[in-house]
Chemist: 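Got a structure for you, written out below as structure tokens; questions coming shortly.
Note: hydrogens, waters and symmetry copies are ignored here, and every other heavy atom, side chains too, is used. Numbered from 1 within each chain, the chains take letters A, B, ... in sequence-line order.
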Number of protein chains: 2
Amino acid sequence: MIDKHSFIPFYLQIEQILSRQIRENALRPGDPLPTEAEMCRQYQVSRMTARKAVDYLVRQGLVERFRGRGTFVARPDTRVKVQLPLDQHLTSSEVASSVRRKVVNRLLHFSQQPATPEVAGALQVPEQAAVHYMLRLRLIDGTPFVYEQSWMNQALFPDLNTQALNQSKYAYLKSKGYGAVGSHKQIFAELPSTEIREALGLARDEPVLHASVIAFFANGVPFELSNVYYNQRHYTFTLDAPPRPLLAL
Amino acid sequence: MIDKHSFIPFYLQIEQILSRQIRENALRPGDPLPTEAEMCRQYQVSRMTARKAVDYLVRQGLVERFRGRGTFVARPDTRVKVQLPLDQHLTSSEVASSVRRKVVNRLLHFSQQPATPEVAGALQVPEQAAVHYMLRLRLIDGTPFVYEQSWMNQALFPDLNTQALNQSKYAYLKSKGYGAVGSHKQIFAELPSTEIREALGLARDEPVLHASVIAFFANGVPFELSNVYYNQRHYTFTLDAPPRPLLAL
DNA sequence: GAGTGGTCTAGACCACCTA
DNA sequence: AGGTGGTCTAGACCACTCC
């Protein structure tokens, strides 16, 4: 029961009760939560308040709501997930061969723009220098997998075109004589914008992994800045650190 | 203006209008959004609906609400962030020396439990075998930085105690004669539970990076399973991939 | 048809901030 | 004191599911 005189809002108190019941297995995966009408009676609150109590549990993925059926404790996701190493700069075709699935690149947008200060700094070009700007979606077996926004130094790739980008960007690089690439990434957890969420086919409130990447050639020259958003639904990301001596303390 | 006969809910239509204004810089960082009362008049909706339109923008971190002041387009976070490599298995003291700040470990819970099937599988021990269970919070200069839930094979560490855990776990390992450790991580973006959110001092709706880690000795024997939750507020995580030849296509 | 969740209203009281 | 966001109510109509 909730405390009507507490400083904790009703909806938070109810949320914590439900959350504890799930955590302590009083409510098990697949079990229905009380209906909204039941919660109104049980806790003596209005329906809007009862709904709000469940909202955050839905956002966390702890419970699922179905219109006309009810609200249920989520079952752990048992779908087999593809595992990909996060610490290598893999090209699409390398991903395809490692997961043995068909990878498709879809170019959503391609244009040329003057470099903003941020882009110019990352690509080590003057501000306002011409850069390629593109949005691409990568699909594995038809499932949207990666949404990528990127800027490339136009001076290095004067003849980059839509055909090359709809195929493999790295095949294009190789054809230009560039043999090796490395990258520097920053990794974030993020709630995606509506645009990215829709492109990746995600539910509202589902966080994504966001990598901000600078890719460079073997000589150290950066050629691309990108923001890469990963759909976590069917893929997990792995990192292996080999045994390493513990330092002196 | 919104379309009252559309199948798109009012709150989503308003959210999209605001989102577009921010994206197209009609509303700039620091600018106030219309107040809730203004939005009610402007779009002819109730206040609950107007609030709901802004909720998701708040969750995304696109806008910030301040009671008594108003709602404003969020300014990009310019605080200097500590950058840590995600691809190494760093001990607390290594982190401390690399960021030149004071790192404190706080033990929140310590007990012994029978291994669940999942824990037993990861640690390669029989089900129900005794394992240490602990919750720890790591703080850098007083700021909660990492929340860690972990299980360790009790057979390997019969004398593990609270004192060792409040100090450095790896100092303890070293004192037991274990010289090198590696790890296998899976990385997720996640909305944290209330417990973790409060321990890390996060706002509601702020996603965290979650690493599920198996740590092992040089001989390959796993000794610890942990779920590590990272506060992104003051730290970013980096990954460097050195230049690597592009494969044949 | 009965029950479920999804949306929406038109008020209300409150805590907090700025003035 | 007046304006802001935070919470809450007691209804309402709807789309959908299940029987």
Chemist: Taking the six-membered ring for Trp, are Trp151(A) and Tyr133(A) parallel (under 30°), tilted (30 to 60°) or perpendicular (over 60°)?
Modeler: tilted
Chemist: So if I take every side-chain heavy atom of Phe10(A) and compare against dG5(C), dT7(D), dC8(D), which nucleotide ends up nearest?
Modeler: dC8(D)
Chemist: On DNA chain C, does the nearest nucleotide to Val45(B) precede the nearest nucleotide to Phe7(A) from the 5' side, or the other way round? Give the residue.
Modeler: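 Closest to the 5' end, via its nearest nucleotide, is Val45(B).
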Chemist: In whole Å, I'd like the distance from the CE atom of Met39(A) to the C1' atom of dT4(C).
Modeler: 14 Å
Chemist: Find the distance Glu36(A):CD to dC16(D):C1' and express it as a whole number of Å.
Modeler: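 Those two atoms, CD and C1', are 14 Å apart.
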Chemist: Can you tell which of dC8(D), dC8(C), dA15(C) lies closest to the side chain of Thr49(A)?
Modeler: dC8(D)
Chemist: Which nucleotide, dA10(C), dA10(D), dT4(D), lies nearest any side-chain atom of Met48(B)?
Modeler: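 My answer, after comparing the listed nucleotides, is dA10(C).
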Chemist: Rounded to the nearest Å, what distance is computed from the CG atom of residue Leu33(B) to the P atom of nucleotide dT4(D)?
Modeler: 13 Å
Chemist: Of Ala50(A) and Gly68(A), whose nearest nucleotide on DNA chain D comes first from the 5' end?
Modeler: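 Its nearest nucleotide being more 5', the pick is Ala50(A).
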Chemist: Distance check needed: dT7(C) P versus His5(B) NE2, whole Å only.
Modeler: 19 Å
Chemist: Side chain of Arg65(A) only, please: which of dT9(D), dG5(C), dT9(C) is the nearest?
Modeler: dG5(C)
Chemist: Does a side-chain N-to-carboxylate-O contact under 4.0 Å join Arg65(B) and Asp55(B)?
Modeler: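 Yes, charged N to carboxylate O under 4.0 Å.
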Chemist: According to a strict under-4.0 Å criterion, is Arg51(B) in side-chain N/O contact with OP1 or OP2 of dG6(D)?
Modeler: yes
Chemist: What's the closest nucleotide to the side chain of Tyr11(A) if the choices are dC8(D), dG5(C), dC8(C)?
Modeler: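 Comparing dC8(D), dG5(C), dC8(C) against the side chain of Tyr11(A), the answer is dC8(D).
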Chemist: Using a heavy-atom cut-off of under 4.0 Å over every strand shown, decide if Glu64(A) touches base, sugar-phosphate, or nothing.
Modeler: nothing
Chemist: Would you kindly give the CZ-to-P distance between Arg69(B) and dG3(D), to the nearest whole Å?
Modeler: 18 Å
Chemist: If I take atom CD1 in residue Ile8(B) and atom C1' in nucleotide dC14(D), what distance separates them, rounded to the nearest angstrom?
Modeler: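 Going from CD1 in Ile8(B) over to C1' in dC14(D) covers 17 Å.
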Chemist: What is the separation between atom CG on Leu57(A) and atom P on dG5(C), rounded to the nearest whole Å?
Modeler: 13 Å
Chemist: With sugar-phosphate meaning primed atoms plus P, OP1 and OP2, does Glu38(A) contact a base, only sugar-phosphate, or nothing at under 4.0 Å between heavy atoms?
Modeler: nothing
Chemist: Counting only N and O atoms by type, is there a donor-acceptor contact under 3.5 Å from the side chain of Asn231(B) to the main-chain atoms of Pro144(B)?
Modeler: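 Yes, Asn231(B) side chain to Pro144(B) backbone: donor-acceptor pair under 3.5 Å.
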Chemist: Looking at dT7(C), I'd like to know if its phosphate oxygens (OP1 or OP2) sit under 4.0 Å from a side-chain N or O belonging to Lys52(B).
Modeler: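 Yes, such a contact exists.
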Chemist: By nearest atom, which of the nucleotides dC8(D), dA10(C), dA15(D) is closest to the Ser46(A) side chain?
Modeler: dC8(D)
Chemist: Looking at Glu206(B) and Arg197(B), is there a salt bridge between them, counting it only when a charged N and a carboxylate O are closer than 4.0 Å?
Modeler: no
Chemist: Would a distance-only check, ignoring hydrogens and angles, find a side-chain to backbone donor-acceptor pair under 3.5 Å from Glu224(B) to Ile214(B)?
Modeler: no
Chemist: Indicate, yes or no, whether a donor-acceptor pair under 3.5 Å links the base of dT4(D) to the side chain of Arg47(B).
Modeler: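 Counting by modelled atom types and ignoring angles, no donor-acceptor contact under 3.5 Å is found here.
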Chemist: Below 30° counts as parallel, above 60° as perpendicular, anything between as tilted: where do the rings of Phe145(B) and Phe237(B) land?
Modeler: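 Geometry flag for Phe237(B) against Phe145(B): parallel rings.
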Chemist: Rounding to a whole Å, what distance do you find between Lys4(A):NZ and dC14(C):P?
Modeler: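 That distance rounds to 15 Å.
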